[in-house]
Amino acid sequence: MNHDVDCMYLMKVYFGGRTVPSGSPPRAVSSLTLLHRPWLVEDGRDGVEVSQVVGALKKESLQPRTFTRGIHTVTLIPGDGIGPEISTAVMKIFEVAKAPIQWEERNVTAIQGPGGKWMIPPDAKESMDRNKIGLKGPLKTPIAAGHPSMNLLLRKTFDLYANVRPCASIEGYQTPYTDVNLVTIRENTEGEYSGIEHVIVDGVVQSIKLITEQASQRIAEYAFEYAKNNQRASVTAVHKANIMRMSDGLFLRTCREAAEKHKDVKFNEMYLDTVCLNMVQDPSQFDVLVMPNLYGDILSDLCAGLIGGLGVTPSGNIGANGVAIFESVHGTAPDIAGKDMANPTALLLSAVMMLRHMGLHGHAQKIETACFDVIRDKKALTKDLGGNSKCSEFTDAICQRVRELV
Amino acid sequence: MSTRAPTLFGPTNVPALSSRSCRSACVFLSSLHTVTLIPGDGIGPELAKHVCELFRFCCVPVDFEVVDVDSSMASEDDIDDAIMAIRRNGVALKGNIETNHNLPPSYKSRNNLLRTTLDLYANVMHCQSLPGVRTRHRKIDIMIVRENTEGEYSSLEHENVPGVVECLKIITKTKSLRIADYAFQTARAKGRRLVTAVHKANIMKLGDGLFLECCKEVASGYPEISFESMIVDNTTMQLVSRPQQFDVMVMPNLYGNVVSNVCAGLVGGPGLVPGANYGENYAVFETGTRNTGKSIANSNTANPTAMLLASCLLLDHLKLHDYASMIRRAVLSTLTETKLHTADLGGQGSTSEVLQRVMNAVQSTGPRTLSM
């Protein structure tokens with residue numbers, strides 16, 4: 001496949017990339033992009049539409065990437081329930097689209113290491129550390145299994161500190177909200193989800209919300225870098241500092257400090273309740289939102305609801321050391337597992353997000369267009385999208401469309 | 001400051017708004033109620049004035065004792081006076097008091113202080129689709145019962161190590177049982193069929209787990225009412241796609257903040273929904289989403305509907321049901337006139353026009369009004 005053609009073919013990005021006007025200075029391009037295509041800086045000027053990777057990688061220590069003649073190896077975690085079938089669907093579509101991706105499948109059932117500590121299998125960890133990029137299907141959290149949720153384990157193992165969820169209305173999948181185009185960036189390691197709870201006396205429980213300067217700085221920096229790399233105009237910090245003065249106050253202060261360093265991106269702050277109130281009335285006023293864990297959890301699901309639910313929402317998790325895991329955020333749907341009824345859109349769009357992160361914009365655009373075209377056509381929709389088709393039929397329709405787009 | 005007991009005919013302690021303008025002309029001795037009025041900040045004072053005007057116009061037997069709270073003052077004397085006035089009168093109508101979140105933590109939110117000191121444990125907001133207001137979703141009728149005094153709003157924070165802040169969320173069995181009981185009693189009294197508890201017990205297993213257990217315990221005592229629980233993120237997703245599935249919802253403080261704002265947005269915005277805070281002994285009425293509306297203050301563009309409907313809730317609480325129904329009917333009929341819609345509803349009407357129309361509607365219904 002012609003790697004050069006792919007790189008030269010720059011398209012408007014899914015997340016709302018805008019044209020760079022002529023004469024403007026070249027945009028900051030991630031070091032990963034530079035590694036493969038040092039000529040890209042030139043192409044960023046003079047009216048060429050620039051699409052950007054998801055988030056800038058930290059420039060310090062870029063691990064040598066595995067690629068053989070332009071093929072990128074990605075760790076694939078199919079997951080449970082409908083996970084395997086939607087992963088197969090994604091792999092099939094990628095094959096038809098001739099995406100230069102080699103999949104390395106791994107299982108992440110929790111195992112108990114020496115000392116009784118729960119961890120993910122070492123081969124999965126080694127694969128992720130080597131490949132840096134991962135795609136993950138839904139994982140089940142068994143109740144009373146004695147170990148923490150798998151998602152939590154993955155988060156801790158790779159220090160996935162930022163959860164990024166771009167939410168844009170899908171033309172062809174109608175919801176009452178048609179003008180959504182925002183991104184929620186949620187701090188994913190601390191806050192209300194620290195898991196620190198105590199029973200003080202019988203009938204009185206205390207849950208601790210932890211906010212640290214370090215984590216807040218990291219997420220704020222990331223939010224601004226994301227905004228810059230993806231040509232988003234503004235970043236809004238969501239908080240409740242009127243009530244939680246010290247904790248959200250600290251978060252807010254670090255966001256303000258990061259804003260000072262990135263004056264080209266507009267910054268404003270809004271109370272959580274005001275955001276909720278305005279979001280359901282006019283979501284078009286929001287751009288990039290950055291917030292601590294709990295608010296992020298609620299708001300990102302609220303925004304997913306605006307565009308059609310978890311079945312069509314992509315998500316990416318950015319970790320330390322350049323690790324990025326893209327995932328579908330819906331459940332394992334055990335009731336339809338194995339029945340060829342699942343909707344692979346969420347995993348597919350997350351995989352598209354992954355391609356963009358890796359700089360493979362041509363393939364990303366092709367696959368995404370094919371997916372949206374099939375949804376718009378309404379001829380082969382899965383049950384949750386309002387149709388009657390099987391997962392395999394939906395996948396085939398997308399493959400067919402991809403072939404037409406080549 | 002002197003705290004004379006309010007006399008029934010003469011003016012009470014009134015710093016700002018003259019009580020003369022609020023005193024009803026045609027009332028009888030036994031039925032005059034004294035209600036504390038806290039104008040608050042932003043659009044609060046103008047809306048409070050409108051309520052007074054309307055009550056005077058309708059000859060409502062309510063005397064307002066106005067207590068101003070200066071939110072810029074560091075000392076808590078003002079809010080203490082307001083609390084004392086509410087203890088005295090038992091009931092209040094309140095605008096939102098601004099909290100400058102850039103002040104140090106020693107400056108506590110005045111609104112929160114009021115709620116916790118008076119133990120106004122239940123915040124109730126009834127969100128329903130109103131005729132005349134165009135929204136994306138129709139036929140919404142949700143009653144939100146939110147725990148109002150503990151949870152994330154306990155204001156207990158500390159920084160043991162520089163750069164590491166801990167904020168405590170407290171959930172107690174007593175308060176959880178109390179709010180759950182309130183929710184089920186309200187559901188029973190209003191003939192509602194389903195109560196949904198909103199929580200995040202999959203993550204906060206002990207805290208929200210306790211809340212959920214208490215709800216289940218109370219639910220078993222109301223067999224005619226169905227009970228279900230839903231995780232808060234799924235709840236918000238369901239609210240924006242199919243809000244008609246919800247009936248009564250009960251939840252701890254912060255989720256209540258989120259859910260009530262989402263629901264208010266779904267039925268048309270902050271200008272439409274009234275809110276009520278109930279305790280064992282006191283009741284305070286305000287707008288549901290508690291906004292100061294600083295940016296539109298004094299521009300005659302605020303929507304008075306929420307505050308007027310809150311005053312109707314107040315009248316219902318005082319058992320002045322006839323007055324409450326009269327005013328409520330007038331306010332809702334005014335809402336159907338699209339050309340009078342204020343900016344928050346997409347129109348260009350002014351607050352005074354809306355108020356005039358409400359008064360006209362009231363006048364056309366009966367002989368009780370005072371001609372101006």
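Every chain is numbered from 1, with letters handed out A, B, ... down the list of sequences.
Below 30°, between 30° and 60°, or above 60°: for B/His101 and A/Tyr271 the angle between ring planes is above 60°, a perpendicular geometry.
Only the backbone of B/Lys108 comes within contact range of chain A, with at least one heavy atom under 4.5 Å from a heavy atom of that chain. Contact of A/Ile298 with chain B is made through backbone and side chain together, with heavy-atom distances under 4.5 Å. With a threshold of 4.5 angstrom between heavy atoms, B/His158 approaches chain A through N, CA, C or O but not through any side-chain atom. With a threshold of 4.5 angstrom between heavy atoms, B/Tyr107 approaches chain A through its backbone and through its side chain. Proximity to chain B (any heavy atom under 4.5 Å) is restricted, for A/Leu294, to the side chain, taken from C-beta onward. There is no contact between A/Leu152 and chain B, counting heavy-atom distances below 4.5 Å. Of the two parts of A/Thr175, neither the backbone nor the side chain holds a non-hydrogen atom closer than 4.5 Å to a non-hydrogen atom of chain B. Contact annotation for A/Ile208: both backbone and side-chain heavy atoms come within less than 4.5 Å of a heavy atom of chain B. When heavy atoms are compared at a cutoff of 4.5 Å, A/His198 approaches chain B solely by way of its backbone atoms N, CA, C and O.
Put simply, of B/Gly265, B/Ser155, B/Cys167, the one with the most heavy-atom pairs under 4.5 Å next to chain A is B/Cys167. For the set B/Leu156, B/Ile170, B/Asn111, B/Asn112, the count of heavy-atom pairs under 4.5 angstrom toward chain A peaks at B/Ile170. Contact count against chain B (heavy-atom pairs under 4.5 Å) is highest for A/Pro176 among A/Pro176, A/Gly309, A/Ala215. Taking chain A as the reference chain and counting heavy-atom pairs below 4.5 Å, the highest number among B/Thr174, B/Val161, B/Asn102 is found for B/Asn102. Of the listed residues A/Asp273, A/Val201, A/Val204, the one with more heavy-atom pairs under 4.5 angstrom with chain B than any other is A/Asp273. Put simply, of B/Gly163, B/Pro162, B/Gly209, B/Pro270, the one with the most heavy-atom pairs under 4.5 Å next to chain A is B/Gly163. Ranked by non-hydrogen atom pairs under 4.5 Å with chain B, the options A/Met279, A/Glu197, A/Gln214, A/Glu213 are led by A/Glu197. Counting heavy-atom pairs under 4.5 Å between each of A/Cys303, A/Ala241, A/Ser216 and chain B puts A/Ala241 at the top.
Partners of B/Arg242 by salt bridge (Lys or Arg N to Asp or Glu O under 4.0 Å), not counting sequence neighbours: none found. Evaluation of the salt bridge (Lys or Arg N to Asp or Glu O under 4.0 Å) rule for B/Asp70 yields no partner, not counting sequence neighbours.
Between B/Leu103 and A/Arg245, some side-chain heavy-atom pair lies under the 4.5 Å cut-off. Counting heavy atoms from C-beta outward, B/Leu206 and A/Val199 have side chains that approach closer than 4.5 Å. Within the 4.5 Å cutoff, side-chain heavy atoms of A/Leu277 are placed close to those of B/Asn291. Contact annotation: the side chain of A/Asp297 approaches that of B/Lys200 to within less than 4.5 Å [non-hydrogen atoms, C-beta and beyond].
Applying the 6.0 Å contact sphere to CG of A/Asp335 captures more than 12 heavy atoms from other residues, nucleotides or ligands. Applying the 6.0 Å contact sphere to NZ of A/Lys378 captures more than 12 heavy atoms from other residues, nucleotides or ligands. Open room surrounds CD on B/Gln348; 12 or fewer heavy atoms of other groups in view lie less than 6.0 Å from it. Taking a 6.0 Å sphere around CZ of B/Arg138, one finds it holds more than 12 heavy atoms contributed by other residues, nucleotides or ligands.
Interatomic distance, CE of A/Met244 versus OG of B/Ser109, reported as 11.5 Å (0.5 Å rounding). Summarising the geometry, atom CD1 belonging to A/Ile243 is positioned 8.0 Å from atom CG belonging to B/Asn257; distances are rounded to the nearest 0.5 Å. Of the inter-residue distances, the one linking B/Arg290 atom CZ with A/Asn242 atom CG reads 10.5 Å to the nearest 0.5 angstrom. Considering CD of A/Glu192 and CG of B/Asp208, their distance stands at 11.0 Å, rounded to 0.5 Å. Taking CG of B/Leu210 as the reference point, atom OG of A/Ser207 lies at 9.5 Å (rounded to 0.5 Å). Atom-to-atom distance recorded for A/Gln206:CD and B/Ile171:CD1 is 11.5 Å, nearest 0.5 angstrom.
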Q: Determine, step by step, whether A/Leu302 and B/Val258 satisfy the side-chain contact (heavy atoms from CB on, under 4.5 Å) criterion, reporting the C-alpha distance in whole Å, the side-chain angles of both residues, the deciding distance to 0.1 Å, and the verdict.
A: CA-CA 10 Å; A/Leu302 176 63; B/Val258 170; over 6 Å; no
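Within residues 233-241 of chain B, the residues having any heavy atom closer than 4.5 Å to a heavy atom of chain A are B/Asp233, B/Asn234, B/Thr236, B/Met237, B/Val240, listed by residue number.
The stretch residues 146-164 of chain B participates, sequence neighbours left out, in these salt bridge (charged side-chain N to carboxylate O under 4.0 Å, His left out) pairs: B/Glu152-B/Lys169.
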